[in-house]
Amino acid sequence: MLPDVEPGPDPAKVPADDPAGTPAPAARPAGKRRRFGWGFRLAVAWLVLVAGAALLADLLPIPHYDATLSGEPRSGPAFGHPFGTDALGRDILSRIVHGARVSLGVGLGAVLIGLLLGAPFGLVAGYYRGVVDRIIMTANDIVLAFPALVFALAVVAFAGAGVRNVLIVLGVLGAPAWVRLVRSVTMAYAQREFVTAARALGAKGGTVMRREIAPNVVLPALSYAFVIMAVVVVAEGSLAFLGLSVQAPTPTWGGMINEGRSNLDDAPHIVLVPSLVMFCTVLAFNLVGDRLQELTTIRHSGLEPRRARKKAAVTVDEPAAPERKGPAPLLEAVDVRTGFHTPYGLVRAVDGVSFTLERGRTLAIVGESGSGKSQLIRSVLGLLPPAGVERGGRVYLDGEDLTAKSPEQMRGILGTRMAAVFQDPMTALNPVRTVGAQVTEPLRVHRGMDRKEAYATAERLLASVGIPEPRRVLRGYPHQLSGGMRQRITIAMALSCDPEILFADEPTTALDVTVQKQIMRLLHDQRERRDMAMVLVSHDLAMVADWADEVIVMYAGRVVEHGPAAELFAAPRMRYTEALLKAAPDLTAPSHTRLEVIDGRPPNLVAPPAGCRFHPRCPFARERCAAEAPPLVNEGSRAYACWYPAEPVTVTEPAGPAVSTADGTDDAARSHQDHPAVSAGPVDVEGNIKDGR
Ligand SMILES: Nc1ncnc2c1ncn2[C@@H]1O[C@H](COP(=O)(O)OP(=O)(O)OP(=O)(O)O)[C@@H](O)[C@H]1O
């Protein structure tokens, strides 16, 4: 009888096909508008009628609900008494209308109490996970397991029957269900890019929950509130039937059913009318709740391990601080390792990656999907999920050990010294907040600007990243802008506090080709103008060839080749890099040219193959490759991990597939020709590779 219904979304029940954990609106055929349907409309109309009648009960031209003998006792529907009268001759319509006040009032009150008690716990559990989550959910499960009826009877027996006590009982008993609902929605949103982007800008946990997640919980909570209202109306009716709710003479629907039981033979309408009204009201609440839930359904992902065996994040086997002779590089990653605990074992997403990056340089990270590129930069930024993660290694920013920083200190660095731009500008921006609110936030938080100053600066920032009419754009919402414009906004946000390093995780993947080029040029120009460094994650080798100074090639969580972009593209040494370049599409090749593909699939990162991880897919693999893992050996400015590398070559004629983003502008002819492996033009790489940018 009490509200222990299963809350809507539960990300733990969904297939493991989307490690990014990106909740998205339910799929809907393009061009089709969402329809509410006649059932929904009827239900809303019924609820409006009942709620309206309850609100205006005292003004309606009907007899007083307790006026005995206002008509013939037990008489059926008649003029003046459309629903008939009860055993004392009281008007049933009037009693129904006044009873609605109790039912709906208790329903609304219980929903609010449950929400206020449960939502904060749900938010905290879903956002922080780990031990906090376990404590909250264990306490929640204990409350849920408590026999609700016994609790209700005990409270009413102790504190007395009455609307206030019924409301408290139902509200408190409903709270655990709210904890579950809000937790599951929070979990689904906690890994969304706009939340990661807010964290990357240094927002505190409380701020992220309040500003980024809570507004997105509102709609699922609203749909759930309708379902809970239905449950509470039934629960209140049941308590009233037992005489434990509001006492006579105030009418309640449950009480009317109870009173009418003895007249079932000669005047069944006394029981039937309140039963029918209650039935229709409960049905209407459920219908509206279900329909709203359908409209807010989240596509869940397998991000959340069903039961992470170790939930707390741990840091293991820290490498010693590197010995330096000269000044520290701007960014230095040493043996970075990141593993995710899953039901299938530890997924070693990043497995001992080291690199350095200097000011004014662009480092690109490439590799097939799942090779660990994104998790590497999230590890460097300290933006990994708070629980279920095993991490190791060190990251130094200008010689300062970031891995030794507290979350508070890291928040001071994110957004100000290191900032990030993510793949999909739609998901990187919070859809329920204005562009202005989002762009001004880092300015207010990190640069201490007041609202007016922050808006004026935001306007200039937007103009600097090429947004026309910035003032108008600031007033709008992300969905009113094109993909390219949205990405310009996220770039403006990332640049707002003049970071020293900009991390761009596939910043153009979600955009069309011509916009891709504009965005890359914008990023490059800003990098030059601000003398920043940039870390660029991308699948697009042509783009990397165009804009990167250095390239890291990742395979199965490890670096397999690293070197200056031009040299690496001209003459890859590691066989995987070679295969990757050959698999890149060549837009300048004759039509119907077959694309080379890399046979097989990337390995399972829970149990990667022994030896060289690429050997099962490598046409050049020999015995040694399966037995011993090749170390990353340095060769001049380059490093590669391969027992049988490709020969160093001097390329004087077209050397491989060209990848072109040509759009007819002068850029098209530009830099692909500098990198033979991704171009169609003749190039001499022996020290004569010119920087075509
Ligand atoms: N929260 C998680 N739990 C378990 N495994 C995860 C989690 N996040 C990422 N992984 C796994 O870590 C590996 C590396 O993921 P990552 O996102 O870094 O790959 P990527 O190279 O960036 O791929 P893509 O180019 O498709 O984004 C993948 O196998 C992925 O499934």
Side-chain angles (χ1 to χ4, degrees), residues 11-12 14-23 126-127 129-130 133 187-193 195-196 199 300-313 333 336-353 363-381 383-391 393 420-424 427-428 503-510 535-541 543-544 551-560 576-577 580 583-584 598 601-609 613-614:
V14 292
D17 62 349
D18 180 6
T22 312
Y127 184 72
R129 306 302 319 277
D133 182 36
M187 267 159 50
Y189 276 99
Q191 299 306 320
R192 278 193 78 165
E193 285 188 350
V195 173
T196 311
R199 289 175 61 205
H300 300 302
S301 78
L303 172 76
E304 208 48 51
R306 262 174 297 150
R307 272 264 171 259
R309 261 171 246 141
K310 269 190 201 168
K311 294 214 171 167
V336 172
R337 278 156 292 133
T338 303
F340 295 97
H341 287 284
T342 71
Y344 313 102
L346 185 69
V347 175
R348 290 190 170 78
V350 181
D351 198 0
V353 172
L363 168 72
I365 305 173
V366 301
E368 281 169 293
S369 192
S371 54
K373 307 180 295 292
S374 298
Q375 298 312 321
L376 172 61
I377 65 164
R378 279 167 201 238
S379 308
V380 170
L381 286 163
L383 291 177
L384 294 168
V389 182
E390 206 163 273
R391 55 190 106 185
V421 173
F422 294 97
Q423 179 176 345
D424 187 344
T427 56
F503 292 79
D505 189 352
E506 302 195 30
T508 59
T509 307
V535 178
L536 172 68
V537 168
S538 182
H539 283 118
D540 186 340
L541 297 179
M543 194 179 85
V544 169
V551 179
I552 280 180
V553 182
M554 285 188 74
Y555 185 74
R558 290 185 173 164
V559 174
V560 292
Y576 173 65
T577 314
L580 205 59
I598 309 180
R601 300 182 58 185
N604 175 356
L605 294 181
V606 174
R613 292 184 175 179
F614 185 56

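Since the model is a prediction, treat every value here as computed from it, not as a measurement. Read the numbers this way: they start at 1 and go in the same order the structure lists the ligands and their atoms.
Close approach of ligand 1 to E368 (heavy-atom distance below 4.0 Å) involves ligand atoms 21 (O). Contact atoms of ligand 1 toward H539: 25 (O) (distance under 4.0 Å to a heavy atom of the residue). Atoms of ligand 1 found under 4.0 Å from any heavy atom of L605 (numbered from 1 in listed order, with element): 13 (C), 29 (O). Atom numbering of ligand 1 starts at 1 in the shown order; those under 4.0 Å from a heavy atom of T342 are 4 (C). Distances below 4.0 Å separate heavy atoms of A349 from the following atoms of ligand 1: 12 (O), 13 (C), 14 (C).
Geometrically, ligand 1 and G370 share a nitrogen or oxygen pair separated by less than 3.5 Å. Ligand 1 has no N or O atom lying under 3.5 Å from any N or O atom of P385, backbone or side chain.
S371 contributes atom OG, which lies 11.5 Å from atom CD1 of I552 (distance to the nearest 0.5 angstrom). Rounding to the nearest 0.5 Å places CD1 of I377 at 6.5 Å from CD1 of I365.
Checked by atom type and distance alone, the side chain of R613 pairs as donor or acceptor with a backbone atom of A556 at under 3.5 Å.
When side chains are defined from C-beta on, F503 does not count as touching V421, because their heavy atoms never get closer than 4.5 Å.
Not counting sequence neighbours, the partners of T338 by the side-chain contact (heavy atoms from CB on, under 4.5 Å) test are V336, F340, V350, S379, L384, V389.
Between R558 and D351 there is a salt bridge, with a side-chain nitrogen of the basic residue lying less than 4.0 Å from a carboxylate oxygen of the acidic one.
Heavy-atom proximity to atom 22 (O) of ligand 1, evaluated over S374, G557, P602, is greatest for S374. Of the candidates P603, S371, S369, G372, S369 brings a heavy atom nearest to atom 24 (P) of ligand 1.
Ring-plane geometry between F614 and Y555 is classed as perpendicular, the angle between the planes exceeding 60 degrees on a 0 to 90 degree scale with a lower cut at 30.
Contacts of M554 with ligand 1, taken as heavy-atom pairs under 4.0 Å, are absent altogether.
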